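Heavy-atom basis, side chains included; hydrogens, waters and symmetry copies ignored. The structure presented is a predicted model; accordingly, all values stated were derived computationally and were not measured. Order of the sequence lines fixes the chain letters, A, B, ..., with proteins taken first and strands second; residue numbering starts at 1 for each chain.
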4 protein chains.
Amino acid sequence: MSRKPNSEQRRAQIVQALMDTMAEHGYEKATIQLIARRAGLTPGLLHYHFHSKADILLALVKALAGAAQQRYQAFAQDAQDDGQRLGAYIDARLGLGEGADAGAVAAWVVIGAEAVRQPEVRAAYRHAIDTETALLRELLSASLAAHGKSTANAQALAAALLAMMEGTFQLASVAPAGMPAGFAAPMAAQLVRRFIDAEPPA
Amino acid sequence: MSRKPNSEQRRAQIVQALMDTMAEHGYEKATIQLIARRAGLTPGLLHYHFHSKADILLALVKALAGAAQQRYQAFAQDAQDDGQRLGAYIDARLGLGEGADAGAVAAWVVIGAEAVRQPEVRAAYRHAIDTETALLRELLSASLAAHGKSTANAQALAAALLAMMEGTFQLASVAPAGMPAGFAAPMAAQLVRRFIDAEPPA
Amino acid sequence: MSRKPNSEQRRAQIVQALMDTMAEHGYEKATIQLIARRAGLTPGLLHYHFHSKADILLALVKALAGAAQQRYQAFAQDAQDDGQRLGAYIDARLGLGEGADAGAVAAWVVIGAEAVRQPEVRAAYRHAIDTETALLRELLSASLAAHGKSTANAQALAAALLAMMEGTFQLASVAPAGMPAGFAAPMAAQLVRRFIDAEPPA
Amino acid sequence: MSRKPNSEQRRAQIVQALMDTMAEHGYEKATIQLIARRAGLTPGLLHYHFHSKADILLALVKALAGAAQQRYQAFAQDAQDDGQRLGAYIDARLGLGEGADAGAVAAWVVIGAEAVRQPEVRAAYRHAIDTETALLRELLSASLAAHGKSTANAQALAAALLAMMEGTFQLASVAPAGMPAGFAAPMAAQLVRRFIDAEPPA
DNA sequence: CATGAATGAGATTTCATTCAT
DNA sequence: AATGAATGAAATCTCATTCAT
């Protein structure tokens with residue numbers, strides 16, 4: 001009798017098409033026409049499933065943040081101690097393993113710039129950053145404590161590490177020359193390890 | 001008795017207005033009308049002094065890169081050894097001292113995203129990054145050598161440090177909550193110092 | 001054992017939903033989606049029961065005209081003479097009694113403007129107006145005759161009175177400040193009575 | 001050197017074109033394209049001089065209200081007493097003399113319906129109505145007083161008369177059959193005169 | 001140098017209508 | 001009867017760029 005809803009798939013399809021298009025053209029030049037064409041849909045249908053283009057962007061921000069969380073969960077599954085969990089986190093974010101996606105990274109960079117001007121994007125971006133910072137601080141605090149070190153600098157170290165990650169995404173997207181692919185994760189891990197080793201005891 | 005040409009002053013005025021406007025609205029929404037209004041000029045005059053809007057953006061990229069160089073020079077003026085020069089660099093980039101400019105930082109973030117899609121912006125952005133990397137590698141190599149350490153990792157460390165800086169700009173522009181203002185420079189310095197201390201000898 | 005067709009009920013439901021939506025959003029902005037939502041139906045179903053949106057509008061015009069007729073019939077039921085019938089008419093149109101409906105009035109105003117451009121709406125609107133005029137002229141003629149007055153001006157007086165009613169709907173919908181609620185009917189009645197009293201004898 | 005501004009003429013030209021187009025097609029179907037074509041301009045230019053289509057409509061409301069005021073002033077110029085001023089007012093609004101404009105009347109009807117749904121139009125419409133009501137009440141009070149009558153009903157009478165005018169515009173635009181052209185003004189004048197004559201003394 | 005009106009291409013968005021289920 | 005996804009035409013609005021003055 002009634003038609004079977006397929007909105008969820010369609011929405012995911014559209015969000016994915018925005019990501020791909022944005023990675024190539026930026027947000028403004030990722031026109032509804034282009035996104036629709038890439039998704040194999042008509043422009044009108046995009047506005048049937050999303051109120052506005054900005055709404056698709058918000059859905060993408062949430063999708064990327066969620067995917068990052070899942071990626072860490074997958075990487076951390078077999079971790080046995082705090083040090084391994086921290087390593088898993090760094091690998092999940094900076095490593096080249098399964099699921100690394102240059103398009104997603106480029107889209108994330110573009111989102112970071114859109115967050116400068118779109119309040120709603122900024123809020124979603126901040127929420128993702130805050131969640132990451134909290135997780136990272138937790139991991140760092142655990143590692144510091146496991147080595148009998150003070151955790152006073154855990155927050156600042158988390159922020160610095162997160163900044164390094166965001167910056168790595170930026171440089172990887174635009175100026176990949178400087179650092180050989182795959183060096184980011186080990187270097188970040190080493191910086192953290194040496195920092196922790198040199199911390200004063202608790 | 002010719003009238004004194006004021007082109008250079010006008011161009012600088014326009015570039016500055018683009019920077020201010022971009023920091024608030026992003027690049028695409030920084031319309032010629034808005035830029036002109038902010039500069040106290042008329043739309044037509046902008047195209048008299050610049051061939052296109054993209055040209056103003058390129059001029060801005062170069063202006064910001066040049067200003068960063070100058071800021072380092074000023075900070076390094078009184079440095080007495082390699083360690084102090086490295087500290088001066090970090091302070092010039094991440095410190096809160098004179099000349100720190102939230103607008104310039106936000107504009108730089110937006111430029112980073114435009115570099116994803118505009119080849120000419122990407123080239124100018126890469127050139128700035130490459131110049132920075134070379135300078136930073138030089139400073140790190142000198143510091144490593146001064147401590148009798150191997151300089152093999154200088155390039156990778158330079159890249160990581162640069163990434164941290166770019167990421168700090170991003171987070172400062174959009175999600176300033178995580179790290180207290182002014183903590184970025186000391187934390188970066190400490191990460192570098194401990195890394196160097198732990199490096200094996202040359 | 002056939003299922004009972006519910007078309008008539010559905011049609012009435014849809015027409016009512018158009019009226020409510022129009023009173024708030026006007027005709028053009030009363031989209032099929034909005035009307036359907038207000039009726040608790042789906043967009044597709046509206047086109048199952050009506051060929052087009054314009055058709056729903058025509059049905060509404062007729063429904064409102066018919067309701068006005070019924071309202072007069074109900075008010076005039078107990079009238080004993082021509083003067084009471086005329087008073088019943090004025091009360092039915094301008095009074096605040098049972099069945100007065102701000103939404104219907106606002107929708108009628110919107111219909112009046114649509115009649116400016118849609119020939120079919122104009123025809124239906126005119127038909128309603130002509131019917132009203134004829135009835136009103138009849139009532140006025142009877143009252144004039146009952147007072148031994150000439151009925152020569154009955155038509156013009158009917159037109160003036162009808163104009164006052166349409167204008168009252170307009171002002172009540174948009175600028176209700178000027179006249180206190182409930183004053184329209186007595187004032188109209190008084191204007192008519194004094195006009196009739198001052199008419200020359202037949 | 002600089003270009004001579006012509007915005008005022010252009011704006012007036014555009015407002016006039018909206019009025020003509022609206023009188024024929026209503027507001028929604030008076031597209032920017034149609035208005036531009038009627039004005040002999042390009043669509044882009046309309047948005048250069050007006051922020052939005054709604055802004056053109058607001059300018060039209062004000063222009064029509066202002067024109068009505070001027071028309072009364074012109075008609076009342078030679079009036080010698082209160083009765084003549086009142087007559088001048090009725091003629092200015094309902095008469096067929098110089099400056100009567102079927103297009104303006106139809107546009108005003110459409111504006112009245114737009115006022116139902118657009119708050120800014122409603123505000124401008126109300127302001128015009130309030131101004132008219134105040135003027136009319138003043139004229140009626142003066143006439144009543146001049147005849148030694150109570151002015152207690154001046155406000156209600158003014159409202160009724162204004163409603164009659166608005167309704168006459170409506171019927172003239174859509175259902176001109178009922179009342180012969182030119183009968184509205186005398187009938188309105190007569191209704192008022194007989195009402196005043198029958199009022200109790202002050 | 002400077003002005004600001006003008007253009008035109010292209011973007012987002014709306015929406016009545018259709019139709020497979 | 002009913003659903004709701006899908007379409008495509010058309011609307012408003014934006015904006016870099018041009019150009020007469």
Would you say F/dT21 has OP1 or OP2 under 4.0 Å from some side-chain N or O of D/N6? no

Starting the side chain at C-beta, find the nucleotide from E/dC1, F/dT17, E/dG4 nearest to B/H49. E/dC1

D/S7 side chain N/O closer than 4.0 Å to the phosphate oxygens (OP1, OP2) of E/dA5? yes

Relative to the 5' end of DNA chain F, which residue comes earlier, C/G40 or D/S52, by the nucleotide with the nearest heavy atom? C/G40

For B/G44 and for D/G44, locate the closest nucleotide of DNA chain F by heavy-atom distance; then report the residue assigned to the nucleotide nearer the 5' terminus. D/G44

Distance-minimising heavy-atom pair for B/V105 and B/S173: CG1-OG, 3.5 Å

Would you say D/Y48 and D/R10 make side-chain contact, with heavy atoms under 4.5 Å? no

Write down the distance between CG (B/L34) and C1' (F/dA16), rounded to a whole number of angstrom. 13 Å

OP1 or OP2 of F/dT14 sitting under 4.0 Å from any side-chain N/O of D/H47? no

Check the distance between E/dT3's P and B/R37's CZ and give it to me in whole angstrom. 14 Å

Can you check whether A/T42 has a side-chain N or O nearer than 4.0 Å to OP1 or OP2 of F/dT7? yes

Between B/H49 and B/L41, is there a side-chain heavy-atom distance shorter than 4.5 Å? no

Need one value for C/K29: base, sugar-phosphate or nothing, where a base atom within 4.0 Å counts as base even if backbone is also close, heavy atoms only. sugar-phosphate

OP1 or OP2 of E/dT14 under 4.0 Å from side-chain N/O of C/T31: no

d(CG, A/L45; C1', E/dT17) in whole Å: 15 Å

Taking OP1 and OP2 of F/dA16, is either one under 4.0 Å from a side-chain nitrogen or oxygen of B/K53? yes

Nucleotide E/dT12, atom P - distance to CG of A/D55 in whole Å: 14 Å

Counting only side-chain N and O atoms of A/R10, is one of them less than 4.0 Å from OP1 or OP2 of F/dA6? yes

Charged N-O contact under 4.0 Å between A/E28 and B/R117: no

Considering all heavy atoms of both residues, which atom of D/G112 and which atom of C/V109 are nearest to each other, and what is their separation? O-CG1, 4.4 Å

For DNA chain E, consecutive-pair runs of 3 or more (Watson-Crick or G-U wobble, both H-bond-type distances under 3.5 Å) give E:2-21 with F:2-21

List the atom of D/E120, the atom of D/L58, and the distance in Å for their closest heavy-atom pair. O-CD2, 3.5 Å

Answer whether the closest heavy-atom distance between the side chains of C/H47 and C/I32 falls below 4.5 Å. yes

Measuring to OP1 and OP2 of F/dA5, would you say a side-chain N or O of A/Y48 lies under 4.0 angstrom away? yes

5' priority, DNA chain E, between D/K4 and C/H51 [closest heavy atom]: D/K4

Between B/K29 and A/E114, is the closest basic N to carboxylate O distance under 4.0 Å? no

Could you state the CD-P distance from A/E28 to E/dA9, rounded to the nearest angstrom? 21 Å

Checking F/dA5, E/dT13, E/dT18 against the side chain of A/I32 (C-beta onward), the nearest is E/dT13

